[in-house]
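Below: the structure, in structure tokens.
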Amino acid sequence: MNIGYACLTVGLPEANFRSCTLKNVNDSTLLTLIKHNLNSLDTIIEYNIQNNIKLFRITSDLIPFGSSIVNNIPWWDVFSSEFDSIREKIKNSGMRVSMHPGQYTVLNSPRQDVVKRAVEDLNYHNKVLDSLGVDIESKIILHIGGVYNNKEKATRNFIDNFQMLDEGVKQRIVVENDDKSFNIGDVLTIGLALNIPVVYDNLHNRVLPSDLSKDDHYWISLCRETWKKEDGVQKIHYSQQDAKKRPGAHSSTIAIADFSAFVQKIDLNMDVMLEVKDKNLSAIKCLNYLKEDRRIHNLELEWSKYKYTVLEH
DNA sequence: CGCTGTCAAGGCAAG
DNA sequence: CTTGCCTTGACAGCG
């Protein structure tokens with residue numbers, strides 16, 4: 001079981017991501033910022049390797065205005081040596097990276113201009129992953145979008161617009177349930193229709209449940225079927241509610257007791273992306289817990305024996 | 001220097 | 001139809 005964290009690394013010097021406002025954009029500024037951000041990414045990847053973290057989400061802010069026409073720098077060319085350096089580190093360490101466009105990338109919008117921008121944004125995310133030379137197990141996690149008073153139509157719109165995407169982008173996209181519009185049942189319908197993997201998010205499902213009689217394990221088992229061999233190990237998102245904030249707000253850190261109860265019930269052949277304020281700190285905390293957990297440790301040994309047996313046949 | 005407001009994005013509820 | 005709120009981390013600018 002791999003544990004990962006998203007985008008930022010707490011307490012690591014020289015690993016921040018810089019940006020600028022739209023009105024201050026120019027080539028010189030962008031070049032400086034991109035160079036700085038690639039250095040930060042390199043530093044973070046090094047940190048992950050040193051801490052045995054094999055799962056990591058790369059921030060969408062890596063390239064400022066990466067999917068906007070105001071940024072026409074061929075950054076994948078200009079900084080090819082920086083990308084190559086990071087690529088080697090990712091590959092040699094066996095790290096799985098991913099990206100996750102935000103709530104403003106809406107592929108199923110009724111507005112053509114919004115769909116166009118969503119397509120461009122997905123192309124940008126794919127370009128980053130391609131520039132890093134990672135395979136299609138490195139996914140782009142996407143939410144479905146808005147409902148527009150008609151979920152059936154909005155669902156069809158997503159499925160139709162998905163067909164417009166480049167083949168390379170399609171191979172990377174996985175869909176995730178959200179906490180406002182599309183619950184895990186809705187997303188499974190779409191994932192199965194498009195034959196693409198589904199990421200289950202436990203907290204989103206708590207805020208926007210699909211079927212209250214079903215538990216996390218049930219949905220994770222259904223989602224497992226959507227992960228084909230070439231997609232890599234099934235991936236889920238795990239987070240805990242911040243008791244003091246709005247429903248769906250991520251906790252400041254992962255409480256190990258709850259994490260333990262969750263993990264006991266699920267398959268160990270799984271990648272778990274944490275969404276939590278203290279980021280890498282909770283990832284290390286959870287990794288340490290798994291290392292010390294005797295039950296898990298024994299099952300991991302069982303699993304590796306099983307894999308070995310399978311390979312022999 | 002440190003704090004508060006602003007920025008980017010799109011959906012959606014309220015007016 | 002228009003306005004304002006939601007979210008996030010970092011920029012921008014005021015005192």
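Because only heavy atoms are used, hydrogens play no part in the values below, and waters and symmetry mates are left out as well, while side chains stay in. Below, chains carry the letters A, B, ... as their sequence lines are ordered, and counting in each starts from 1.
Checking A/N280 against A/T9 by side-chain atom types alone, no donor-acceptor pair falls below 3.5 Å. Using modelled atom types and a 3.5 Å distance limit, the side chains of A/Y104 and A/D121 yield no donor-acceptor pair. Residues A/T29 and A/N26 have side chains that bring a donor and an acceptor to within less than 3.5 angstrom of each other.
In the set B/dG11, C/dG9, B/dC7, B/dC7 carries the atom at the smallest distance from any side-chain atom of A/T21. With distances taken from any side-chain atom of A/V147 to the nucleotides B/dC12, B/dG11, C/dG9, the minimum falls on B/dC12. Closest approach to the A/V114 side chain among B/dC12, C/dG9, B/dG10 is made by B/dG10 (side chain taken as heavy atoms from C-beta onward). Candidate nucleotides B/dG10, B/dC12, C/dA10 were compared by shortest atom distance to the side chain of A/L8, and C/dA10 ranks first. Closest to the side chain of A/N24, from the set B/dG11, C/dA12, B/dC12, is C/dA12. Listed nucleotides: C/dA10, B/dC12, B/dA8. Nearest to the side chain of A/Y148: B/dC12.
Counting to the nearest Å, the C1' atom of C/dT8 and the CZ atom of A/F17 are 15 Å from each other. Atom C1' of nucleotide C/dT8 and atom NE2 of A/H250 are separated by 12 Å, given to the nearest angstrom. Distance CD1 (A/I69) to P (B/dA8): 14 Å, rounded to an integer number of Å. As rounded to whole Å, 12 Å separates atom P of B/dA9 from atom CD of A/E120. Computed from coordinates, the A/N16 CG to C/dC11 C1' distance equals 12 Å when rounded to whole Å. Taking atom CG of residue A/D179 and atom P of nucleotide C/dT8, one finds them 10 Å apart after rounding to whole Å. Rounded to whole Å, the distance from CG on A/N108 to P on B/dG10 is 13 Å. The interatomic distance linking A/H125 (NE2) with B/dA9 (P) rounds to 15 Å, in whole Å.
Taking only side-chain nitrogens and oxygens, A/S181 never comes nearer than 4.0 Å to OP1 or OP2 of B/dG11. Applying the 4.0 Å criterion to OP1 and OP2 of B/dG10, one finds that A/R117 has a side-chain N or O inside that range.
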Review item, nucleotides 2-6 of chain C N/O atoms under 3.5 Å of protein N/O:
none

Identify all pairs in which a protein N or O lies below 3.5 Å from an N or O of nucleotides 13-15 of chain B, and state each distance.
none

Set out, line by line, the N/O atom pairs under 3.5 Å between protein and nucleotides 13-15 of chain C.
none

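Note on A/D113 versus A/R111: salt bridge recorded, some NZ/NE/NH1/NH2 to OD/OE distance being below 4.0 Å. A salt bridge does not link A/E176 to A/K235: none of the charged side-chain nitrogens sits closer than 4.0 Å to a carboxylate oxygen. With respect to the salt-bridge test (charged N to carboxylate O, under 4.0 angstrom), the residues A/D271 and A/R96 qualify.
A/D121 comes within contact range of no nucleotide atom at all, as no heavy-atom separation falls under 4.0 Å. Nucleic acid contact for A/T105: none, since no nucleic acid atom lies under 4.0 Å from a heavy atom of the residue. When heavy atoms are screened at a 4.0 angstrom cut-off, A/G146 is found touching the sugar-phosphate backbone but no base atom.
A tilted orientation is assigned to the rings of A/F262 and A/Y238, their planes being inclined by 30° to 60°. Ring geometry for A/W75 versus A/Y124: interplanar angle over 60°, hence perpendicular rather than tilted (30 to 60°). By the 30° and 60° cut-offs, the orientation of the rings of A/Y5 relative to A/Y47 is perpendicular.
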From CA spacing to verdict: ring-ring contact (aromatic ring centres under 6.0 Å, His included), A/H100, A/H125: CA-CA 8 Å; A/H100 188 7; A/H125 284 84; 8.9 Å; no

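For the pair A/N183/A/D186, a side-chain contact is recorded, criterion being any heavy-atom separation below 4.5 Å from C-beta on. At least one side-chain heavy atom of A/M273 sits under 4.5 Å from a side-chain heavy atom of A/L55. Here the side chains of A/N16 and A/H36 are in contact, with some heavy-atom distance below 4.5 Å.
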